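First up is the structure itself, then whatever we jot down about it.
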Amino acid sequence: MIFFVLKRILGVLFLLLGIAALVTPLTPGAFLIFVGLELLGLGFLIPSGLRKFWVRIKSRITRL
């Protein structure tokens, strides 16, 4: 439960920092918008196929 809340807080924080980076000059941090959206669970950066592949690889590693 704590991990879920922490993930949401970090997602909102990164989203706000990314928006602030868009409107302030000389800050190349606008990519933080996408990191924040990913943490909030909107899945723009990692497509579902790549997620399924990662779960399959992770299960093979843990079996070893």
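Each residue takes its place number in the sequence, starting with 1. This one's a predicted model, so the numbers in the text were calculated from it and none came from an experiment.
- One hydrophobic cluster holds both Leu22 and Leu40 under the rule that ILVMFWY side chains link at heavy-atom gaps under 4.5 Å.
- To the nearest 0.5 angstrom, Arg8 atom CZ is 11.0 Å from Phe3 atom CZ.
- Using a 4.5 Å cut-off on side-chain heavy atoms (C-beta onward), Leu15 and Leu32 make no contact.
- When every heavy atom of Ile19 is checked against every heavy atom of Ile33, the shortest pair comes out as N-CG1, 3.7 Å.
- One hydrophobic cluster holds both Leu17 and Leu6 under the rule that ILVMFWY side chains link at heavy-atom gaps under 4.5 Å.
- Leu13 and Phe31 fall within the same hydrophobic cluster, defined by Ile, Leu, Val, Met, Phe, Trp and Tyr side-chain heavy atoms under 4.5 Å apart, directly or through other members.
- Using a 4.5 Å heavy-atom threshold, the side chains of Phe4 and Lys7 count as separate.
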